[in-house]
Amino acid sequence: MEPVLCYESRNLSCPRTIYPLPVRITLYLVLGATVVLTVCGNLLVTVSVAYFKQLHSPTNCLVASLAVSDLLLGLLVMFPSMIQSVESCWYFGNLFCNFYLSSDVTLCTASILNLSFISLDRHYAVCQPLLYGKRITVNVVLSMIGVSWSVSVLIGFGMVFLKLNIWGVEEFYYNHVACEGGCVLLQRPETWSLDSDLVLVCPTPTSTHSSLVGS
């Protein structure tokens, strides 16, 4: 039996795994519900902080920035990833593949940096409450948000569109990884080390997102 390909008429097509229909329906329902919950939950946080004046605080600005990054992650990354996972092929073209991979790196990095700045904000609020109002101002928080997003966009889109992630391993990538119907982010050890260092250096307490919205 010949292997099934994503594009039967193309020699360089990726192999495709065809799941039984009940499995595909179940996967779409479960993954789709996850995407909807992610988008709706973060949309609710964003709208709440923007609409209610009593929530207009420096801390909640950071929470809103985190919610926006997770909201976009659900729309731009989780939804296409759901289709790719179930169909085991990428049918949206190379340009959108690069945008999808760039968005993935950008939004995950933005979430990490936003969580890190929220941790810094809470550190000053708990450990130095008398100086908190002077050090964590609206302008400082806006600068934090600007740094989070600008650094994330620079890393995500710069790495993918400039092909820095495959710099030095282009031959291996095009001969053993790249194929028609695939959309995979290959990272060199140096880029993995950079991502790992970013996660390890920046503390991210998991309870911050939910606890600060009503503060």
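Source: prediction; values computed, not measured. Note that the numbering runs from 1 along the sequence shown for the chain.
Remark: side-chain polar atoms of Asn165 are paired, donor with acceptor, to backbone N or O of Leu186 under 3.5 angstrom. Using modelled atom types, one side-chain atom of Ser152 and one backbone atom of Ala110 make a donor-acceptor pair closer than 3.5 Å. With hydrogens and angles disregarded, no donor-acceptor distance shorter than 3.5 Å links the side chain of Gln128 to the backbone of Ala125. Side-chain atoms of Ser88 never come within 3.5 Å of backbone atoms of Ser85 as a donor-acceptor pair (strictly under, hydrogens ignored). Under a 3.5 Å cut-off, the side chain of Ser13 and the backbone N or O of Cys6 do form a donor-acceptor pair. Remark: side-chain polar atoms of Asn98 are not paired, donor with acceptor, to backbone N or O of Phe161 under 3.5 angstrom. Not a single donor-acceptor pair under 3.5 Å links the side chain of Glu171 to the backbone N or O of Val169.
By the criterion of side-chain heavy atoms lying less than 4.5 angstrom apart, applied directly or through intervening Ile, Leu, Val, Met, Phe, Trp or Tyr residues, Met159 is grouped together with Leu162 in one hydrophobic cluster. Ile136 and Leu142 are not part of a single hydrophobic cluster, where members link through side-chain heavy atoms under 4.5 Å apart. By the criterion of side-chain heavy atoms lying less than 4.5 angstrom apart, applied directly or through intervening Ile, Leu, Val, Met, Phe, Trp or Tyr residues, Tyr91 is not grouped with Phe99; the two fall into different hydrophobic clusters. The hydrophobic cluster containing Val126 does not contain Tyr124, counting ILVMFWY residues as joined when their side-chain heavy atoms lie under 4.5 angstrom apart, directly or transitively. Criterion: ILVMFWY side-chain heavy atoms under 4.5 Å apart, direct or through other members. Under it, Leu164 and Leu154 are not part of a common hydrophobic cluster.
In this structure, Val35 and Val39 have side chains that are in contact, with non-hydrogen atoms separated by less than 4.5 Å. Counting heavy atoms from C-beta outward, Cys14 and Tyr7 have side chains that stay 4.5 Å or more apart. No side-chain heavy atom of Ile145 sits under 4.5 Å from any side-chain heavy atom of Ser148.
No side-chain N or O of Tyr51 forms a donor-acceptor pair with one of Thr46 less than 3.5 Å apart. In this model, no donor atom of one side chain and acceptor atom of the other lie less than 3.5 Å apart for Thr38 and Asp70. When only modelled atom types and interatomic distance are considered, Trp149 and Ser65 share a side-chain donor-acceptor pair under 3.5 Å. There is no side-chain donor-acceptor pair under 3.5 Å between Asn114 and Ser111. Residues Asp121 and Tyr132 have side chains that bring a donor and an acceptor to within less than 3.5 angstrom of each other.
Sulfur-sulfur distance for Cys97 and Cys183: below 2.5 Å, consistent with a disulfide.
Note that the CG atom of Asn175 and the CD atom of Glu170 stand 11.0 Å from one another [nearest 0.5 Å]. Between atom CE of residue Met82 and atom CD of residue Gln84 there is a gap of 12.0 Å, rounded to the nearest 0.5 Å. To the nearest 0.5 Å, atoms CG (Leu76) and OG (Ser81) are separated by 12.5 Å. Atom CG of Leu120 sits about 12.5 Å away from atom CG of Leu115, to the nearest 0.5 Å. Ile155 contributes atom CD1, which lies 12.0 Å from atom SG of Cys108 (distance to the nearest 0.5 angstrom). Separating the OG1 atom in Thr17 from the OH atom in Tyr19 is a distance of 5.0 Å, to the nearest 0.5 Å.
For Leu37, the CG atom counts as densely surrounded, since its 6.0 Å shell holds more than 12 non-hydrogen atoms of other residues, nucleotides or ligands.
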field: Evaluation steps, side chain to side chain contact (heavy atoms under 4.5 Å, CB included), between Leu66 and Leu62
entry: CA-CA 6 Å; Leu66 174 62; Leu62 290 170; over 6 Å; no
task: Could you check Cys40 against Leu43 for side chain to side chain contact (heavy atoms under 4.5 Å, CB included), going step by step and ending with a plain yes or no?
output: CA-CA 5 Å; Cys40 292; Leu43 180 62; 5.6 Å; no
- request: With side chain to side chain contact (heavy atoms under 4.5 Å, CB included) as the test, would you mind laying out the steps for Ile25 and Leu21 before giving the verdict?
  value: CA-CA 6 Å; Ile25 293 176; Leu21 183 59; 3.9 Å; yes
- request: Mind running side chain to side chain contact (heavy atoms under 4.5 Å, CB included) on Leu5 and Arg16 for me, showing each step along the way?
  value: CA-CA 5 Å; Leu5 302 177; Arg16 180 187 179 190; 5.9 Å; no
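Scanning all heavy atoms of the two residues, the minimum distance from Ser103 to Val77 falls at C-CG2, 3.9 Å. Nearest heavy-atom pair across Val45 and Ala67 is CG1-CB, 3.8 Å. When all heavy atoms are compared, the tightest approach of Gly146 to Ser150 is O-OG, 2.7 Å. Residues Val147 and Phe117 come closest through the heavy atom pair CG1-CZ, 4.3 Å. Between Val141 and Cys61, the shortest heavy-atom distance links the atoms CG1-CB, 3.8 Å. Contact detail for Trp90 and Gly182: the closest heavy-atom pair is CB-C, 4.0 Å.
The aromatic rings of Phe92 and Phe96 sit perpendicular, their planes meeting at an angle over 60°, well past the 30° parallel limit.
Taking the ring centroids of Tyr100 and Phe79, they lie at or beyond the 6.0 Å cut-off.
Comment: Glu87 engages Arg24 in a salt bridge, judged by a side-chain N to carboxylate O separation of less than 4.0 angstrom.
When Ile112, Thr106, Leu113 are each tested for a side chain to side chain contact (heavy atoms under 4.5 Å, CB included) with Thr109, only one passes: Leu113.
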